[in-house]
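See below for the structure under consideration.
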Amino acid sequence: MSNDPGGRASVRPDSHEALPPIEAVKLRHPWRWLISFLLIAWVVLFIVDASHREAYDWSAYGKYVFDQRISKAALVTLQLTVYSMLLAVVLGVLLAVMRLSPNPVFKTVSWVYIWIFRGTPVYVQLVFWGLLATIYPSISVGIPGVTNLFDLPTTASFSLFWLAVIGLGLNEAAYMAEIVRSGLLSVDRGQDEAAKALGMSWSLTMRRIVLPQAMRIIIPPTGNEVISMLKTTSLVTAVPVATDLYTRSRDISSETFNPIPLLLVASTWYLFFTSILMVVQYFLEKRFARGHTQFAAAGDEGGLPEADVETLSEASPHD
Amino acid sequence: MTDATTTVPMVQAERVMKSFGSHVVLRDISLTVNRGEVMCLVGPSGSGKSTFLRCINHLEQVNAGRLLVDGRLVGYREKHDKLYELKPREAAEQRRDVGMVFQRFNLFPHLTALENVIEAPIHVNGHSKAHATERGKALLDRVGLANKADSYPAHLSGGQQQRVAIARALAMEPKLMLFDEPTSALDPELVGEVLDVMRGLASVGMTMIVVTHEMGFAREVADSLVFMDNGVVVEEGDPAEVINNPQHKRTQAFLSKVL
């Protein structure tokens, strides 16, 4: 601290007795406390009020929330979500990789796919899938004009449920492709070059080096898409599939003339599934953060990894 | 055949040219690196030395001239006086024999140090995991990082990361090692540990081309020093000779700045 008058660097004392830790008065946050209190009071008031409000009809809610028809419909919604998202993720990764591949044919195919499926409303697409059997009564596999391997009667081959899965999945794939692409683009080009320099092929580089790193970027928006899909399944009535959670609960309420408790029932189930999906997402994110420290989360390159701490301590054995 | 392979130079560049669009980066490079030789490339930034290094590993394709590594044309196959572009698989095969170390290390951040080293031996060369792991550990030991095998790159200092990167390149048993400013991104006190590893490699006869600003290293380790500027080789020769007694004005000007 003090430069001695001779202008020489000050000599540090040999002893390194630890100073007592700083004891300061903690910064207070009275506004946070006040606002929290007001918010809690408001929520309590809302709940107390809601519990008495006749329109909510809690007895009907209690009756239907675990009704077999409802829980079966909830299962259908979950199945629609899982199957269509699986289709969307697989197809989306494929489309994204095609879009970024050096092959112009792949690039174009991917671009056109995304253009069409992202450019038209999912509801319209679902109606089209429902009309598949009307437009194409049978689907033939073979070389046109040369040979016909086999014919598939459309109605018998595709149930409405699976047409709904295809409709939702193919639409979602276009969005997933863009999410995956942004993830792939976020990976440093140096990674690509390092893999190339090791003699790795383009596909091996994608699979082993780029995609695993892109996952970190891809997962959060994908979680978003899954949750969004859970609710988009309510549109399958366009196919028409009438067994999903929302359509079924609406059907029930149209018999009972009591829609509000059934809306609450449906919301409860959607919220329940969403919560489970959020937990799954948390663990997936943790898994793919491998190699990225908790420090890295703050500022990517920066942070202060252990190594820096180490070199600091290595660098000061002089005294 | 065997006689020929032992006498052909490791790298032979004859009037190599490279441009990006209208921007000419390499004008006319003719250089020869013999087996077991260490060549240091120096020069101001933008002189084309890194680009030349990347051409040798076919990360860039040359536009004119001929570039041969171990007697084989880089990036092309010659048949009946005609050149054919290599298929990606063949190009990848060529790169296997050439190790490269980058300025920014480019370690795979999602893999541990050991996993970085054994990735290519397992998935490119098809070695068993046990075999690759054993060799990978030996290589990490060789660069002084046996105790860091399970650390992720983010937990290693720059110098340690670069040493892992060298081990990773060595795991493919390359005939030739390319170093693209391997110490330029390092804190000054970490430069020495990387140069030590490179010195060790040179002493066991590895053929190396090193783009560097470390004149001390060049003088001590290199068999030849090449000064490049503006896409041409300005001066070439014995390192001590070139450093102590540069003939060309541009070499003199450059050396006066870096020494």
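Worth knowing before you read on, the calculation uses all heavy atoms, side chains too, and leaves out hydrogens, waters and symmetry mates. What you see is a predicted model; the values in this text were computed from it and never measured. Just so we're on the same page: letters track the sequence lines, and every chain starts at 1.
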For L204(A), which atoms come within 4.5 Å of any heavy atom of chain B: side chain, backbone, both, or neither?
side chain
What residues of residues 122-129 of chain B sit under 4.5 Å from chain A when only non-hydrogen atoms are counted?
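At a heavy-atom separation under 4.5 Å, chain A is reached by H123(B), V124(B).
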Do the side chain of N106(B) and the main chain of G190(A) share a donor and acceptor less than 3.5 angstrom apart?
yes
Heavy-atom count check: over 12 atoms from other residues, nucleotides or ligands less than 6.0 Å from [X] [atom1]?
{"X": "F283(A)", "atom1": "CZ", "value": "no"}
{"X": "Y84(B)", "atom1": "OH", "value": "yes"}
{"X": "R72(B)", "atom1": "CZ", "value": "no"}
{"X": "K137(B)", "atom1": "NZ", "value": "no"}
{"X": "F106(A)", "atom1": "CZ", "value": "no"}

Once rounded to the nearest 0.5 Å, what's the spacing between atom CZ of R104(B) and atom CZ of R189(A)?
15.0 Å
Measure the shortest side-chain to side-chain distance between R95(B) and L198(A) over non-hydrogen atoms and say whether it is less than 4.5 angstrom.
no
Flag side-chain contact, heavy atom, 4.5 Å: Q213(A) against P109(B)
yes
Less than 4.5 Å to any heavy atom of chain A: does that hold for the side chain of [X], its backbone, both, or neither?
{"X": "P88(B)", "value": "neither"}
{"X": "F108(B)", "value": "both"}
{"X": "L107(B)", "value": "backbone"}
{"X": "E90(B)", "value": "neither"}
{"X": "R54(B)", "value": "side chain"}

I'd like to verify something: which residue of H110(B), H58(B), M100(B) has the highest number of heavy-atom pairs under 4.5 Å with chain A?
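Option with the top pair count is H110(B).
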Quick one: of Q94(B), R96(B), E119(B), who has the most non-hydrogen atom pairs under 4.5 Å with chain A?
E119(B)
